[in-house]
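Computed from heavy atoms alone, side chains included, the values below leave out hydrogens, waters and symmetry copies. All chains are named by letter (A, B, ...) in the order of the sequence lines, taking the proteins before the strands, and each is independently numbered beginning at 1.
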There are 2 protein chains.
Amino acid sequence: MDLLLQFKVNSNLYLRDPESSILGKQIVRRSIDLIDELGFEQFTFKKLALEIGTTEASVYRYFENKHRLLLYILNWYWSYVEYLFLVHLQGIKSPKDRLIKVLEILSEPLPIGYGEVDFEKKKLVQIVIKESSKAYLVKDIKEINNEEAFKPYKELCSTIAQLIMEIKPNYAYPHSLASTMIETAHHQTYFAHHLPKLTDYSNHKGKNYTFDFLTHLVQSILNFN
Amino acid sequence: MDLLLQFKVNSNLYLRDPESSILGKQIVRRSIDLIDELGFEQFTFKKLALEIGTTEASVYRYFENKHRLLLYILNWYWSYVEYLFLVHLQGIKSPKDRLIKVLEILSEPLPIGYGEVDFEKKKLVQIVIKESSKAYLVKDIKEINNEEAFKPYKELCSTIAQLIMEIKPNYAYPHSLASTMIETAHHQTYFAHHLPKLTDYSNHKGKNYTFDFLTHLVQSILNFN
DNA sequence: AATTTATAATAGTATTACTATTATTTAAAA
DNA sequence: TTTTAAATAATAGTAATACTATTATAAATT
């Protein structure tokens with residue numbers, strides 16, 4: 001993970017702050033590699049421990065279980081996207097142009113402009129696309145939600161909703177449109193790659209399918225071009 | 001499951017046809033109860049076997065694993081929705097009205113008009129909302145897809161896409177809009193209930209939030225009212 | 001140098017996912 | 001009406017997973 005970009009992740013999500021030790025940092029970094037490689041259900045703390053040359057029990061001293069580790073990673077990612085918004089929107093005045101930039105960031109398979117860490121980020125985005133729904137489609141959603149585990153996601157959603165309201169103040173569903181933009185960015189990218197018949201990817205000419213689809217969708221709803 | 005409504009589910013999904021024996025039918029019916037009750041990750045064949053008074057090994061004679069059983073249930077559901085389209089759209093001529101009816105069926109928490117089986121169907125819909133993404137967001141998506149496990153979902157998507165093209169022939173993303181409608185119907189319903197801050201549910205007046213949001217969305221994109 | 005304190009490793013357990021083998025029932029053939 | 005075979009289910013396992021209590025070791029403090 002990028003040393004220059006440290007966000008304080010909700011302390012409810014870990015037992016011992018992984019940023020506070022070398023082992024902790026290794027756990028987070030290598031878990032991103034392994035989850036991307038194996039998928040979340042095949043990923044285990046045993047395999048992770050073996051990979052970084054430690055023991056299962058040591059990993060458990062940082063995270064209660066792999067689900068908590070996933071939430072930690074997702075929280076980091078959502079904070080990172082919020083930061084990307086901050087950086088990339090500052091120069092843009094028009095709310096419409098700002099929203100298009102938001103779509104660009106959300107549909108970008110690999111976030112732009114961070115050189116040597118891009119490789120890790122790419123894996124992170126893959127994890128977000130494939131595994132993030134497994135973080136909230138769970139039995140104990142209520143307790144997890146009470147621990148503020150989805151706060152940065154809600155904030156991201158709220159940031160986008162505010163932009164939407166600037167463009168169309170009388171629109172009744174700014175938050176739903178925002179969460180739909182985020183979720184659709186993920187699953188259309190996944191579908192285009194793995195279940196292309198659920199998309200129109202095969203007869204598309206542009207270079208970023210998801211971005212083009214979402215742009216048309218959002219422009220239609222908020223009536224601008 | 002309703003005896004009057006039997007769809008032949010893809011035989012790749014089971015080892016022994018569950019419709020061919022009493023035990024098989026029990027496995028499917030009670031698994032819907034249990035998955036709804038425990039959630040898919042807590043659901044096991046052992047618990048299911050205990051519930052219906054058989055053994056784990058006997059359940060394994062019908063389904064390779066619980067993931068296959070989930071796919072079987074989802075296939076049944078998608079075929080059922082396709083059937084609902086057939087029944088409920090036949091009287092409607094206008095493509096626009098037909099699409100609105102599609103949205104109504106997709107956002108309906110409990111499908112209409114089947115009396116005594118509605119209770120089971122309600123649980124089925126809950127499972128589809130909560131667990132269906134776990135069926136395709138998996139490492140072995142390629143092999144599963146090759147076995148036609150998502151055929152009825154793709155067909156459903158194609159049916160909706162055709163309707164969209166009738167309304168707006170030059171629209172470039174009919175399949176993506178169709179899959180977005182289906183997926184959004186599910187996750188907005190889930191969000192409204194479990195993570196309401198990702199929606200505008202709290203200040204909504206209508207009785208079917210998801211339907212109202214989706215209707216506005218689709219009408220904007222295909223420009224009709 | 002002695003003693004906390006922090007941290008990690010050992011060695012387990014209960015549960016899960018799955019299977020090979022055996023037993024029992026059902027049905028068809030002799 | 002037996003005999004045989006085919007279908008089906010139960011017994012009894014294994015390997016892996018998720019997790020924990022306890023012990024050992026290293027670092028820091030007094």
(request) Please work out which of the three classes, parallel, tilted or perpendicular, describes the rings of F40(A) and F43(A), given edges at 30° and 60°. (result)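 Ring orientation of F43(A) relative to F40(A): parallel.
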
May I have the distance from [X] (atom [atom1]) to [N] (atom [atom2]), rounded to whole angstrom?
X	N	atom1	atom2	result
N65(A)	dT15(C)	CG	P	17 Å
L48(A)	dA16(D)	CG	C1'	17 Å
L69(A)	dC19(D)	CG	C1'	15 Å
L15(A)	dT7(C)	CG	C1'	14 Å
Y62(A)	dC19(D)	OH	C1'	18 Å
E41(A)	dA18(D)	CD	P	10 Å
E64(B)	dC18(C)	CD	P	8 Å
F40(B)	dT16(C)	CZ	P	14 Å

Heavy atoms under 4.0 Å, any strand shown: does [X] hit a base, just sugar-phosphate, or nothing?
X	answer
K46(B)	nothing
F63(A)	nothing
T54(B)	sugar-phosphate
R61(A)	base

(message) Can a side-chain donor-acceptor contact be found between S176(B) and Q188(A) if the only test is distance below 3.5 angstrom?
(response)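 Indeed, the side chains of Q188(A) and S176(B) share at least one donor-acceptor pair under 3.5 Å.
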
(message) Between Y62(A) and S21(A), do the side chains contain a donor N or O and an acceptor N or O under 3.5 Å apart?
(response)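 Yes, side-chain donor-acceptor contact under 3.5 Å.
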
Closest nucleotide among [options] to the [X] side chain:
X	options	answer
K47(A)	dC18(C), dA9(D), dT17(D)	dT17(D)
T55(A)	dA9(C), dT11(D), dT8(D)	dA9(C)
R16(B)	dT11(D), dC18(C), dT8(D)	dT8(D)
A57(B)	dA9(D), dT19(C), dT17(D)	dT19(C)

(message) Does dA8(C) have OP1 or OP2 under 4.0 Å away from a side-chain N or O of Y60(A)?
(response)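 No, outside the criterion.
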
(message) Suppose we call a contact any N or O donor and acceptor under 3.5 Å apart; does that hold for the side chain of E56(B) and the base of dC18(C)?
(response)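 Under the 3.5 Å cut-off, the side chain and the base do form a donor-acceptor pair.
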
(message) Counting the benzene-type ring for Trp, do Y80(B) and W76(B) have ring centres under 6.0 Å apart?
(response)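 Ring centres of W76(B) and Y80(B) closer than 6.0 Å.
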
(request) From the options K66(A), K130(A), K134(A), select the one residue that forms a salt bridge (Lys or Arg N to Asp or Glu O under 4.0 Å) with E41(A). (result)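 So, applying the salt bridge (Lys or Arg N to Asp or Glu O under 4.0 Å) to E41(A) and each of K66(A), K130(A), K134(A), only K134(A) qualifies.
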
